[in-house]
Each structure stands twice: as C-alpha cells, then as structure tokens.
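Proteins come first, then strands; the chains are lettered A, B, ... in the order of their sequence lines, and each starts at number 1.
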2 protein chains.
Amino acid sequence: MIAKKEIVVDRRIQKTKKALTEALIDLILEKSYEKVTIQDIIDKANVGRSTFYIHYESKEQLLLDGHNNLNVKLFFDELDDAKGSEISFDNLFVHIAENQQLAKAMLGKKGGNMMTEFFKNNVALKIKKKFGRQFDKSKKEQKLLTFLADAAGAAVISFLVSWLEDEMPFTEKEISSRCQCLVTAIFERVSK
Amino acid sequence: MIAKKEIVVDRRIQKTKKALTEALIDLILEKSYEKVTIQDIIDKANVGRSTFYIHYESKEQLLLDGHNNLNVKLFFDELDDAKGSEISFDNLFVHIAENQQLAKAMLGKKGGNMMTEFFKNNVALKIKKKFGRQFDKSKKEQKLLTFLADAAGAAVISFLVSWLEDEMPFTEKEISSRCQCLVTAIFERVSK
DNA sequence: TTAATAATGAACATTATGTACTGTTTTACA
DNA sequence: TGTAAAACAGTACATAATGTTCATTATTAA
C-alpha cells in the first residue's frame, strides 16, 4: 500500500480562512448577507485586503468554502439514514438545532438566497431519488417529477426556516415527522 | 356629491417612470436583478442621474412601484375568484402566461428574491385565510397554521416558477389544478 | 537554519452611490 | 396663449467598495 501523501495546510492559511469565515457569519447575523461587503469582512477579520483575494474572489466563494461546507454536507448525509422508501428528516432537524447560530446565518431571513437555494436543491434531489421510480420515463412524467420534488423541497425548507426563526416551537421529532408527512402527501395526492 | 379632485400626473413623470421601469425589466432579463446597477438603469432609460433620485431611492423601490404593482395586484385579486373554501389558481396561471416576459423578470431565476418573497407571502396569506377556521386559537395551532400556509405558498410558487422557466409544458388548467391539489393535500394530511 | 511562502500595507485605477446646484425645457392651467 | 411651476439634464463632488500590483516583513515547514 502506498503511503498517502499527507497534505499539510499552512497554519497561516488556516488562521486566515477561519477568521474570514467567522467574520462573515457574524456580519450576516449583524446586518444581512447582501449588505455585508468584503471591506466589512476584512476589517472584522483583521486581514489585509490583498490577503482576502489570495484565497477567494468573492464573498459567495467564502461562504461556500471552508468548514461551512463540512457542516452543510453533514446536514444532507443525514437524510440518507432512513430505511426503506421514506426520507427521514429526524437527524437533519437535530443537527440544525445543534448548530442553531450557523443555521440561522445561512438559512434565516438575514442569510443570502444562495444557501437557501443550495439546501432546497439538495433536499429536492433526495426526494427525487426516493420517488423517482414511481414515474415513467416519458418527458411529461419526468417533468412532473422534477416540479413536484422541487415544490416539496421548497415546502420542507420553508418549514425548516419557519421553525428555526421562530425559536423552534416544536420538538425536532414533531417538526420532522410533519415534514415527512408533507412530502408523502404531495407525492401521493398530486402525482395523480 | 363632491366632485372628486382629479389628480393629473405630469406627463414627464409618467414618461420617466415608464422608461426606468422598462429599462429595469430589460436589464433583469439581460443580466440578473442583483447585478443591475442604478447606473445601468439610467443609462438604458436615458435619464439623468438626479432624475432617478427624484422619484426613487433604490432599485428595490423602482421595482415595487409603478405599473408593476398594478400587475402584481391583479395577479392576486384573481385568487379570490373561487367559490367556497377552495382557492382557484386558474386565473393566476392564465394571467402569468399572458404576461410571460414580465413574470419571468419578476419571478424567474434572474429576478431578485424580493418579488418571489412578495408573491409567496401573498399566496400564503390567501391560503391562511381559507384554512384558518380549521385551526383552534391556541398558540401552537396558530403557529402550525402559519408554518403550513407558508410551506404551501412556497410549494405553489416553486411550481409556478418551474412551469414558467420551463416553457410552460402543461396547460394552465393542468398546472393550476395540481397546485390546488397540492395545497389541499398539505392541509388535509399534515395538519393531522 | 533556511528557502519558501503567506501576510501586510500602501498605492492605484475603476466604478457605483448619493447629493447639490445651475440652467434649460416642458407642462398644467388660467 | 402666456406664465409660473415643475421636471429635467448635466455637471461636479465627496464617499465608498472593488480588484490588482508590488515591495517589505513575518512565519512556516522541512
């Protein structure tokens, strides 16, 4: 077995990226994503202007990169845990509750549209996979499948964000099972 | 009866506002809402910089104002046409189809989040009114009602946008009745 | 210890924003 | 049709963010 080349990331890079990411999260919660400028970020992170551009070329890239991504991926891996043909949102909501501040920054009203879209697309994709076999291969049926999966994804994210922004008034179990119910309802009833 | 004072809007104002609005719509379809600058708008509309600021203080205000609003209001008045406890989306979709280019600019992928939110909130509000009586006055039930109405609204808008962006592959009747079915399904099945 | 490289800070050109002011043109209305 | 009011164009200006470049300093991995 060949030894895996261990890539060591320079500590300076780690520190810089961490500072920038944390500054962005803070600033999103302070103002709102759209209103955060790169200038704000480098001021708050106490990082030189040119340093920012070494690593990123926009705040969008900054938001997508780094340990955010790790968290985001985790969110979705959880969706796969369910057995059978149902999607379980249990772990997703638990994970969201555990990372409330990050989730609010990324998905709340102050968070940019990009992250919400990203989440929505991922949920829709999972839904599409689960229910795909119920639709035949005709173009029309496939379009309907896509439309329904997107709509269900949008509904789930809306549910999730409402819950998150409203101090999580239901238990994770409760909100999660309603989400599952919602998706099932849409596919059983609307796909004819 | 007192004669209603007729307010005549200066022709110059009408012309200016129309030019600015049309420029914005065109620019949204060319680039995307976020990337349109006020500079772009006044260049395309061939209007002086100071003139813009006489009437509006941002592009958001421009988008919300004017005959756009007339159209938007029309969209939603149509939702009230249905008899009984169901919401009919028939006229909405017909109206959207008739104003395809405007609708795409406002609701499509290139359109800003603002208009989509606006639409979603309006649809959610109508839905809430229709189904409100099925929920008791307890805080928890009222929250669930709000969450469900918002989720249903999000699903409807997602459906609408998919349809609009995909060259409207179903008839207005078809897509509209699926929307209605979707809303009903959510409320019958998820509200327990 | 040292060669590599990341960060700093300053400078610079470019672009958008929002305001202010002057002079010109268009309008509503009497 | 004449006139006062207004909307407009055009210019100038201050402010702010963007993105790039470069010389210098510091930190790091080996």
Side-chain angles (χ1 to χ4, degrees), chain A residues 2-67 110 112-114, chain B residues 2-67 110 112-114:
Chain A
I2 301 165
K4 201 172 175 184
K5 169 85 181 183
E6 187 162 339
I7 296 168
V8 178
V9 177
D10 196 310
R11 282 179 215 155
R12 290 169 293 184
I13 296 180
Q14 292 178 39
K15 270 175 70 177
T16 300
K17 287 195 169 185
K18 186 155 177 272
L20 288 171
T21 303
E22 286 175 359
L24 176 57
I25 300 294
D26 284 355
L27 285 163
I28 290 174
L29 293 171
E30 278 174 29
K31 329 171 147 193
S32 70
Y33 179 72
E34 298 92 30
K35 291 190 177 172
V36 176
T37 65
I38 293 175
Q39 192 63 50
D40 291 333
I41 299 170
I42 60 181
D43 285 348
K44 182 144 213 159
N46 204 26
V47 154
R49 160 167 225 74
S50 45
T51 308
F52 179 93
Y53 286 103
I54 290 171
H55 302 292
Y56 307 104
E57 48 186 32
S58 62
K59 53 172 183 159
E60 283 73 25
Q61 230 176 69
L62 170 58
L63 189 56
L64 284 172
D65 178 57
H67 45 111
K110 289 183 173 176
N113 194 233
M114 189 180 53
Chain B
I2 299 164
K4 201 172 175 182
K5 169 84 181 184
E6 188 160 341
I7 297 168
V8 178
V9 177
D10 196 309
R11 279 179 220 155
R12 289 169 293 183
I13 296 179
Q14 291 177 39
K15 270 174 71 176
T16 300
K17 288 195 167 185
K18 185 154 178 274
L20 287 171
T21 303
E22 286 175 359
L24 176 57
I25 300 294
D26 284 354
L27 285 163
I28 290 174
L29 293 171
E30 277 175 29
K31 329 172 152 195
S32 68
Y33 179 72
E34 299 90 29
K35 291 190 177 169
V36 176
T37 65
I38 293 176
Q39 193 63 49
D40 290 333
I41 300 170
I42 61 181
D43 285 348
K44 182 145 213 160
N46 205 24
V47 154
R49 160 168 225 73
S50 46
T51 307
F52 179 93
Y53 286 103
I54 291 171
H55 301 293
Y56 308 103
E57 48 185 33
S58 62
K59 53 173 183 157
E60 282 73 24
Q61 231 177 70
L62 169 58
L63 189 56
L64 285 171
D65 179 58
H67 46 111
K110 290 184 172 175
N113 193 235
M114 190 180 53

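Side-chain atoms of A:K110 come within 3.5 Å of backbone N or O of A:L29 as a donor-acceptor pair. Under the 3.5 Å distance criterion, the side-chain polar atoms of B:Q14 are matched with a main-chain donor or acceptor of B:V9.
For the pair B:I54 CD1 and C:dT27 P, the interatomic distance rounds to 15 Å; values are reported in whole Å. Between the CD1 atom of A:I42 and the C1' atom of D:dA16 there is a distance of 12 Å, given to the nearest Å. Atom-to-atom, CD1 of B:I38 to P of C:dT15 comes out at 17 Å; the value is rounded to the nearest Å. One interatomic measurement links the two molecules: CZ of A:R49 to P of D:dC22, which rounds to 17 Å at whole-angstrom precision. Rounded to whole Å, the distance from CG on A:L62 to P on D:dT18 is 13 Å. Residue B:L27 contributes atom CG, which lies 12 Å from atom P of C:dA16 at whole-angstrom precision. In this structure, CD1 of B:I13 is placed 15 Å from C1' of C:dT25, rounded to the nearest angstrom. Remark: C1' of D:dT18 and CZ of A:F52 are 11 Å apart, rounded to the nearest angstrom.
When the side-chain nitrogen and oxygen atoms of B:T51 are compared with OP1 and OP2 of D:dC8, none of them lie within a distance under 4.0 Å. Distances shown here put every side-chain N or O of A:Y53 at or beyond 4.0 Å from the OP1 or OP2 atom of D:dT20.
Listed candidates were C:dA28, D:dG19, C:dA7. Nearest to the side chain of B:R11 is C:dA28. For A:H55, counting side-chain heavy atoms from C-beta on, the closest listed nucleotide (C:dA6, D:dT18, C:dA7) is C:dA7. Picking from C:dA6, C:dT8, D:dA17 the nucleotide with the shortest atom distance to the side chain of A:Q39 gives D:dA17.
Contacts of B:N46 with the nucleic acid, taken as non-hydrogen atoms under 4.0 Å apart, involve only primed sugar atoms and P, OP1 or OP2. Nucleic acid contact for A:R12: base, since at least one base atom lies under 4.0 Å from a heavy atom of the residue. Using a 4.0 Å heavy-atom cutoff across all strands shown, B:T37 reaches sugar-phosphate atoms only and no base atom. Using a 4.0 Å heavy-atom distance criterion, A:S50 is classed as a base contact.
Contact detail for B:L62 and B:L20: the closest heavy-atom pair is CD2-O, 3.8 Å.
Partner of B:D40 under the salt bridge (charged side-chain N to carboxylate O under 4.0 Å, His left out) criterion, out of B:K59, B:K31, B:K35: B:K31 alone.
Two residues, B:V9 and A:Q14, neighbour DNA chain C, and the one matched to the more 5' nucleotide by heavy-atom proximity is A:Q14. In this structure, B:K15 and B:S58 both approach DNA chain C, and ranking their closest nucleotides by distance from the 5' end singles out B:S58.
Taken to the nearest 0.5 Å, the OG1 atom of A:T21 stands 7.0 Å off from the CD1 atom of A:I25.
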